[in-house]
Amino acid sequence: MTRIREATPAEAAALAELAAVTFREAYCGHLDAANLEAYIAEVYAADRIAGELADPAYTYLVAEVEGERAGFALLYDEVPAPAGVPGERPLRLHRIYTRRAWWGAGVGPALMDACLERARRGGFSSLWLTVWERNDRAIAFYRRNGFEVVGTHPFPLGWEVQIDPVLARAV
């Protein structure tokens with residue numbers, strides 16, 4: 001059974017490690033290795049995650065299975081949302097990743113349900129995200145969860161700039 005809980009500030013280093021592992025598992029072999037590692041070093045640094053954990057605009061959710069961290073999600077009250085995102089008060093699902101060992105085991109859906117519940121409880125009108133246009137597995141997951149493409153958004157990754165679809169759904 002998957003347990004979802006909010007991360008604590010003391011978990012910054014463990015979250016950084018989990019984020020790096022899940023990002024590599026999702027994209028290694030699909031992205032330029034140097035760009036991938038530079039992104040991980042910048043975005044998933046423990047001190048950066050510690051700062052996000054201290055900021056009320058960020059909410060980290062951790063999925064645990066049998067006491068092991070199996071995945072995480074990051075919600076971010078980002079203002080403004082990109083054009084095309086519906087609702088008066090949208091919330092960004094900035095990251096959602098599951099360890100490869102738990103793919104297909106219900107961890108992703110449990111995290112998504114928890115994100116939607118957090119958005120509802122917080123009074124948000126919609127949930128939005130960006131996704132790599134060639135990540136068919138993730139796009140299918142988001143579509144199964146009611147997300148639709150509402151625009152595009154640039155995503156710089158090292159020397160590459162990708163144009164990611166923006167997906168959104170009402171909560």
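FYI, side chains are in, hydrogens and waters are out, and symmetry mates aren't considered; it's all heavy atoms of this structure.
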Only distances under 3.5 Å count here; give the side-chain donor-acceptor pairs of residues 138-149 to other protein atoms, sequence neighbours excluded, each with its distance to 0.1 Å.
residue : atom : partner : partner atom : Å
N145    : ND2  : F141    : O            : 2.8

Check your understanding: Would you call I49 and D47 a side-chain contact if the rule is heavy atoms closer than 4.5 Å?
Key -> no
**Study point:** Taking every non-hydrogen atom, the tightest pair across P90 and D77
**Key:** O-OD1, 4.2 Å
**Study point:** Over all atoms of both residues, closest heavy-atom pair of L61 and E6
**Key:** CD2-CA, 4.1 Å
Kindly list each side-chain donor-acceptor pair under 3.5 angstrom involving residues 121-133, sequence neighbours excluded, with atom names and distances?
residue : atom : partner : partner atom : Å
S125    : OG   : E88     : N            : 3.2
S125    : OG   : R89     : N            : 2.9
S125    : OG   : R89     : O            : 3.2
S126    : OG   : P86     : O            : 2.5
T130    : OG1  : R92     : NH2          : 3.4
W132    : NE1  : Q162    : OE1          : 3.4

Compile the donor-acceptor pairs under 3.5 Å between side chains in residues 102-114 and protein atoms, sequence neighbours left out, one pair per line.
residue : atom : partner : partner atom : Å
W103    : NE1  : T98     : O            : 2.8

Review point. What's the spacing between Y60 OH and H94 NE2 if we round to 0.5 Å?
Key: 7.5 Å
When the side chains of residues 8-15 are checked against the rest of the protein, which donor-acceptor pairs come out under 3.5 Å, sequence neighbours left out?
residue : atom : partner : partner atom : Å
T8      : OG1  : E11     : OE1          : 3.3
E11     : OE1  : R5      : NH1          : 2.9
E11     : OE1  : T8      : N            : 2.7
E11     : OE2  : R5      : NH1          : 3.3
E11     : OE2  : R5      : NH2          : 2.6
E11     : OE2  : R69     : NE           : 3.4
E11     : OE2  : R69     : NH2          : 3.1

Point to revise | Counterpart residues, salt bridge (charged side-chain N to carboxylate O under 4.0 Å, His left out), relative to R95 (two or more places apart) | key: none
Review point. Would you find more than 12 non-hydrogen atoms of other residues, nucleotides or ligands less than 6.0 Å from E64 atom CD?
Key: yes
Study note, to complete from the structure: Residue set satisfying side-chain hydrogen bond (donor to acceptor under 3.5 Å, both in side chains) with E117, at least two apart, ordered chain then number -> none
Check your understanding: Can you tell me how far the OH atom of Y97 sits from the CZ atom of F72, to the nearest 0.5 Å?
Key -> 7.0 Å
Exercise for review: Following the transitive rule for hydrophobic clusters with a side-chain heavy-atom cut-off under 4.5 Å over Ile, Leu, Val, Met, Phe, Trp and Tyr, establish whether Y58 and F23 coincide in one cluster.
Suggested key: yes
Check your understanding: Where do V166 and V85 land on the side-chain contact (heavy atoms from CB on, under 4.5 Å) test, with the steps shown first?
Key -> CA-CA 8 Å; V166 176; V85 173; 3.9 Å; yes
Review point. Do the side chains of L18 and L53 join up, straight or via other hydrophobic residues, at under 4.5 Å, putting them in one cluster?
Key: yes
Study note, to complete from the structure: dist L167:CG -> H153:NE2 (nearest 0.5 Å) comes out at 13.0 Å
**Study point:** Sole residue of V171, L93, L75 in side chain to side chain contact (heavy atoms under 4.5 Å, CB included) with R118
**Key:** L75
Study note, to complete from the structure: What one should report as the nearest heavy-atom pair of I40 and A20 is CG2-CB, 3.6 Å
